Chemist: 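Here it is, the structure in full.
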Amino acid sequence: MTGNAVKGPVGHVPSIEKKYGRPIAEWKGLIRSSPLTEHRVLVGRLKSEHGLGHGHPNALVAHTLAEDSAK
């Protein structure tokens, strides 16, 4: 692993897009349009409704909520 490797939730982006065939913007839109706001509940929704594992939705939700709270 090099010092330039992307770490954290953003590091999952290429594999999420490849595995599930949807751009990250679409996943973020689903998260942001949900009436749900709790991290754990949003992860559960992505898992149950869209068939994602655990790590990918966890990364998507963490990244999206962090972006939103930084605004």
Side-chain angles (χ1 to χ4, degrees):
M1 184 185 252
T2 67
N4 295 333
V6 178
K7 297 178 182 176
V10 178
H12 287 277
V13 168
S15 61
I16 292 169
E17 290 180 331
K18 183 178 179 181
K19 184 169 184 169
Y20 301 106
R22 289 179 154 181
I24 294 303
E26 191 173 328
W27 291 114
K28 288 181 177 183
L30 284 170
I31 293 165
R32 289 182 172 125
S33 67
S34 173
L36 307 172
T37 58
E38 186 181 336
H39 178 100
R40 167 184 69 78
V41 178
L42 286 163
V43 169
R45 176 178 179 232
L46 291 175
K47 290 168 67 172
S48 67
E49 292 182 18
H50 300 282
L52 279 70
H54 180 75
H56 287 149
N58 189 53
L60 284 166
V61 171
H63 183 66
T64 303
L65 294 180
E67 268 186 348
D68 292 353
S69 70
K71 290 181 181 178

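None of these values were measured; they are calculated from a predicted model.
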Chemist: What residues, two or more places apart in sequence or in another chain, satisfy ring-ring contact (aromatic ring centres under 6.0 Å, His included) together with H54?
Modeler: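 Here no residue qualifies.
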
Chemist: My understanding is that only residues two or more places apart in sequence, or in another chain, count here; which of them pass side-chain hydrogen bond (donor to acceptor under 3.5 Å, both in side chains) with S15?
Modeler: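 So S15 forms a side-chain hydrogen bond (donor to acceptor under 3.5 Å, both in side chains) with H56.
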
Chemist: If you look at every heavy atom in S69 and A66, which pair is closest and at what distance?
Modeler: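 Closest approach of S69 to A66, heavy atoms only: OG-O, 3.1 Å.
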
Chemist: How far apart are the C-alpha atoms of L60 and L52, what are their side-chain angles, what is the distance that settles it, and do they pass the side chain to side chain contact (heavy atoms under 4.5 Å, CB included) test?
Modeler: CA-CA 11 Å; L60 284 166; L52 279 70; 4.0 Å; yes

Chemist: Determine which pairs satisfy salt bridge (Lys or Arg N to Asp or Glu O under 4.0 Å) with at least one residue from residues 46-57, sequence neighbours left out, and list them in order.
Modeler: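 Salt bridge (Lys or Arg N to Asp or Glu O under 4.0 Å) check on residues 46-57 returns R45-E49.
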
Chemist: What pairs meet the salt bridge (Lys or Arg N to Asp or Glu O under 4.0 Å) rule with one or both residues in residues 29-39, with sequence neighbours excluded?
Modeler: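 As it turns out, the salt bridge (Lys or Arg N to Asp or Glu O under 4.0 Å) pairs with a partner in residues 29-39, which skip direct neighbours, are R32-E67, R32-D68, E38-R40.
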
Chemist: Can you list everything that forms a side-chain contact (heavy atoms from CB on, under 4.5 Å) with L30? Sequence neighbours excluded, please.
Modeler: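 Listed in chain order: R22, W27, H50.
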
Chemist: Knowing that exactly one of V61, L42, L46 qualifies, which makes a side-chain contact (heavy atoms from CB on, under 4.5 Å) with S34?
Modeler: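 The residue from V61, L42, L46 that satisfies side-chain contact (heavy atoms from CB on, under 4.5 Å) with S34 turns out to be L42.
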
